[in-house]
Amino acid sequence: MALTLYNTLTRRKETFRPIDPGNVRMYVCGPTVYDYAHIGNARPVIVFDVLFRLLRHIYGEKHVTYARNITDVEDKINARAAEEYPGLPLNDAIHLVTSKTEKQFHADIAALGVLPPTVEPRATEHIPGMVRLCETLVANGHAYVAEDHVLFDVSSMPDYGRLANRSLVDMEAGARVDVAPYKKGPMDFVLWKPSKPGEPGWPSPAGIAALGRPGWHIECSAMAEQHLGQVFDIHGGGIDLVFPHHENEIAQSRCAHGTPVMANYWMHNGFLQVEGEKMSKSLGNFVTIRELLETTKFGDRSWPGEVLRLAMLMTHYRQPIDWTSKTLLEARLNLLRWVEAVRGSDPRDETVSPTVIRALENDLNTPEVIAELHRLARLAKSTNQDDEPSSAANQLVWALNFLGFGSHKDLLRINEELDHAIDAALKTVIEKGITDRNAARKAKDFKEADRIRDELSAMGIQLKDAKDPATGEIVTTWEVKR
RNA sequence: GGCCACGUGGCGGAGUGGUGACGCAGCAGACUGCAAAUCUGCGUACCCCGGUUCAAUUCCGGGCGUGGCCUCCA
């Protein structure tokens with residue numbers, strides 16, 4: 001089956017046909033680095049990581065270029081820098097904020113099993129490209145200079161609004177923004193603006209004498225052009241970026257290059273809510289990736305990155321997702337189950353279940369993938385040899401690996417973390433309890449056996465008795481209560 | 001006000017013009033000294049009102065509800 005993707009441009013699922021199968025190119029809007037990434041930021045990062053992995057599987061690792069940018073010039077960064085380092089020159093403070101935040105971001109998403117993109121361009125390293133775009137747009141009549149700003153003239157582009165599916169007339173009718181007096185049209189947007197003294201500034205385009213800095217959208221146009229070319233295959237991001245960010249990127253790039261499209265396929269992940277409400281600092285439900293990984297702030301426990309990743313993939317990427325501790329518990333339970341199913345296996349020949357690939361090829365239907373993982377786990381744990389448990393376990397290992405949950409070894413480590421993360425002293429107590437209890441059971445002193453079991457249970461340790469299928473002996477294991 | 005999504009069983013969550021998602025919870029059986037765990041099996045659904053159709057949860061129209069965008073936002 002061919003890869004099919006939902007395209008926001010056409011509002012339907014389409015067969016994916018790359019411009020050049022030898023170099024499939026994808027751009028995804030990355031973070032603006034001024035603060036810890038929150039769990040909503042993690043969604044596109046994970047979703048497009050899955051797509052990246054799938055594209056590499058289909059076209060070959062060397063034939064996919066994935067660019068995910070870092071925006072390190074922006075008003076919020078300036079504000080944060082001034083606030084955090086009031087004693088430093090602004091530009092030094094900005095550098096501290098952006099480099100620190102970028103490091104945090106990389107550490108956070110690495111914990112989520114996200115592969116590094118092929119290139120990770122920074123906005124500040126692409127200022128000349130932005131200046132050139134401005135120059136071109138002014139020269140060809142799509143932009144104009146006013147009060148040291150360069151503004152895009154939306155009336156110069158007949159199909160402006162096509163991605164967001166709205167006409168200029170609609171937007172102006174619904175406008176509720178004060179229009180800057182120097183704008184020709186109310187929807188015109190800034191490509192370049194003057195810097196205030198002390199702010200980061202670069203030599204301006206189009207004969208503007210004052211130092212300036214880029215507007216919000218231009219950085220993506222410049223970085224995409226440099227790393228992927230004027231027209232490329234896939235452009236992704238959160239659905240809230242459709243308008244104005246992506247619409248304006250399209251306007252700038254297409255009008256500068258004279259191309260009918262910027263990217264052939266536009267993909268957008270759905271919005272994330274937290275416990276049924278919009279995530280916001282004022283509601284107090286704002287939650288960062290790092291808090292989920294390292295603190296017990298959400299759901300009274302910390303969560304391994306694999307659990308967060310799975311929770312994100314349990315809902316289809318275009319659907320809204322409600323981020324709840326219940327969802328995380330369910331993800332954790334599923335993961336434990338799968339890890340248990342592959343624990344004793346010895347995976348060799350790499351075979352990713354065709355069902356998994358087929359489900360992903362259908363517009364990244366990860367819930368269907370998860371159903372297949374459950375099926376494989378059931379077979380792997382089946383006692384019926386006709387089900388070929390070892391083959392199923394092997395497939396499960398490779399499917400999980402393919403989806404970014406790590407190698408077989410990593411999976412066993414997850415199990416250790418989720419199940420046996422307990423200090424050595426307590427482990428000794430548990431082992432002794434099991435030995436004593438089994439002795440008591442042999443002596444038919446069930447009162448004593450149950451007392452030991454209850455005592456461990458009160459400590460949060462669950463004993464599990466299982467029959468060894470070969471010998472018929474009862475083997476007792478334990479886990480931290482789920 | 002304009003535009004765009006979404007509304008599936010107790011819960012989460014796929015999908016489909018006519019029969020099965022899947023998971024959790026629940027119920028039953030096997031196992032167990034009894035439990036738990038595990039294994040096996042089972043049930044219940046498609047917001048409301050019209051329309052199209054032999055047939056609609058699925059397509060179309062209207063309504064209601066929730067969310068998003070129109071201003072920084074993944």
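Atoms considered below: every heavy atom in the structure, side chains included; atoms not considered: hydrogens, waters and symmetry mates. In what follows, chains are A, B, ... by sequence order, proteins preceding strands, each numbered from 1.
Listed nucleotides B:A14, B:C24, B:C72 differ in distance to A:E368; the shortest reach to its side chain belongs to B:A14. Considering only the side chain of A:K381, B:U38 comes nearest among B:C22, B:A74, B:U38. Taking the side chain of A:F271 as heavy atoms from C-beta on, and the options B:G68, B:C11, B:G23, the nearest nucleotide is B:G68. Here B:C70 is the nucleotide among B:A74, B:C70, B:U38 with the atom lying nearest to any side-chain atom of A:F243. Distances were taken from every side-chain heavy atom of A:Q273 (C-beta onward) to each of B:U32, B:G33, B:G67; the shortest belongs to B:G67. Looking at the side chain of A:P367, the nearest of the listed nucleotides B:A35, B:G13, B:A74 is B:G13. When distances run from any side-chain atom of A:R337 to the nucleotides B:C39, B:G23, B:G33, the shortest one goes to B:C39.
Separation of the C1' atoms belonging to B:C49 and B:G65 is 15 Å when rounded to the nearest angstrom. Rounded to the nearest Å, the gap between the C1' atom of B:G50 and that of B:G2 is 27 Å. Nucleotides B:A37 and B:G18 are separated by 38 Å at their P atoms, to the nearest Å. Between the C1' atoms of B:U8 and B:G13, the separation comes to 9 Å (whole Å). Look at the P atom in both B:G63 and B:G26: the space between them is 42 Å, to the nearest Å. Comparing B:C24 with B:C42, their P atoms sit 15 Å apart, to the nearest whole Å. Spacing of C1' atoms, B:G20 relative to B:G41, comes out at 15 Å, to the nearest Å. Rounded to whole Å, the P atom of B:G33 lies 46 Å from the corresponding atom of B:G15.
Within 3.5 Å, no donor on the side chain of A:R378 pairs with an acceptor on the base of B:C22, nor the reverse. Side-chain atoms of A:D465 come within donor-acceptor range of the base of B:A35, with a qualifying N/O pair under 3.5 Å.
Separating the CG atom in A:N334 from the CG atom in A:L329 is a distance of 11.0 Å, to the nearest 0.5 Å. For the atom pair A:R337 CZ and A:H374 NE2, the distance stands at 7.0 Å (nearest 0.5 Å).
The two residues A:D363 and A:Y6 come nearest to each other via the heavy atoms OD1-N, 3.0 Å. Scanning all heavy atoms of the two residues, the minimum distance from A:L90 to A:N78 falls at CD1-O, 3.8 Å. Nearest heavy atoms, A:V342 versus A:A393: CG1-O, 3.8 Å. In this structure, A:E479 and A:K464 approach most closely via the heavy-atom pair OE1-NZ, 2.9 Å.
Between the P atom of B:G68 and the CG atom of A:L163 lies a distance of 20 Å, rounded to the nearest Å. In this structure, the CG atom of A:N248 is 10 Å from the P atom of B:U71, given to the nearest Å. If you measure from atom CD1 of A:I239 to atom P of B:C72, you get 18 Å, rounded to the nearest angstrom.
At a threshold of 4.0 angstrom between heavy atoms, the contacts of A:R441 include nucleobase atoms, whether or not backbone atoms are also involved. Nucleic acid contact for A:K444: none, since no nucleic acid atom lies under 4.0 Å from a heavy atom of the residue. Residue contacts for A:L272: at a heavy-atom cut-off of 4.0 Å it reaches a base atom on one of the strands shown. If you check every strand for non-hydrogen atoms under 4.0 Å, A:D450 touches a base. Contacts of A:G237 with the nucleic acid, taken as non-hydrogen atoms under 4.0 Å apart, involve only primed sugar atoms and P, OP1 or OP2.
Relative ring orientation between A:W266 and A:H235 is described as parallel, the plane-to-plane angle staying below 30° on a 0-90° scale split at 30° and 60°. In this pair, A:F298 and A:W323 present their aromatic rings tilted. The plane angle is within the 30 to 60° band. Classification of the A:F243-A:Y160 ring pair by plane angle, with boundaries at 30° and 60°, yields perpendicular.
Residue A:K464 has no polar side-chain atom (N or O) positioned under 4.0 Å from OP1 or OP2 of B:C31. Taking only side-chain nitrogens and oxygens, A:N365 comes nearer than 4.0 Å to OP1 or OP2 of B:G15. Between A:N165 and the phosphate of B:C4, there is a side-chain N or O to OP1/OP2 separation shorter than 4.0 Å.
Of the residues in residues 314-325 of chain A, those with a non-hydrogen atom less than 4.0 angstrom from any atom of RNA chain B are A:M314, A:T315, A:H316, A:Q319.
By the salt bridge (charged side-chain N to carboxylate O under 4.0 Å, His left out) test, A:D450 pairs with A:R453, sequence neighbours left out.
Comparing A:K447 and A:I370 against RNA chain B, the residue whose closest nucleotide sits nearer the 5' end is A:I370. Comparing A:P244 and A:G30 by the nucleotide of RNA chain B whose heavy atom lies nearest to each, the residue mapping closer to the 5' end is A:P244.
Annotation: cation-pi geometry not satisfied between A:R68 and A:F48 (NZ/CZ under 6.0 angstrom from ring centroid, within 45° of ring axis).
With a cut-off of 3.5 Å on both pairing distances, the Watson-Crick and G-U wobble pairs of RNA chain B assemble into stems of 3 or more at B:1-7 with B:64-70, B:10-12 with B:22-24, B:26-30 with B:38-42, B:47-51 with B:59-63.
Ion pairing between a basic and an acidic side chain is recognised when a charged N comes within 4.0 Å of a carboxylate O; A:R213 and A:D75 show such pairing.
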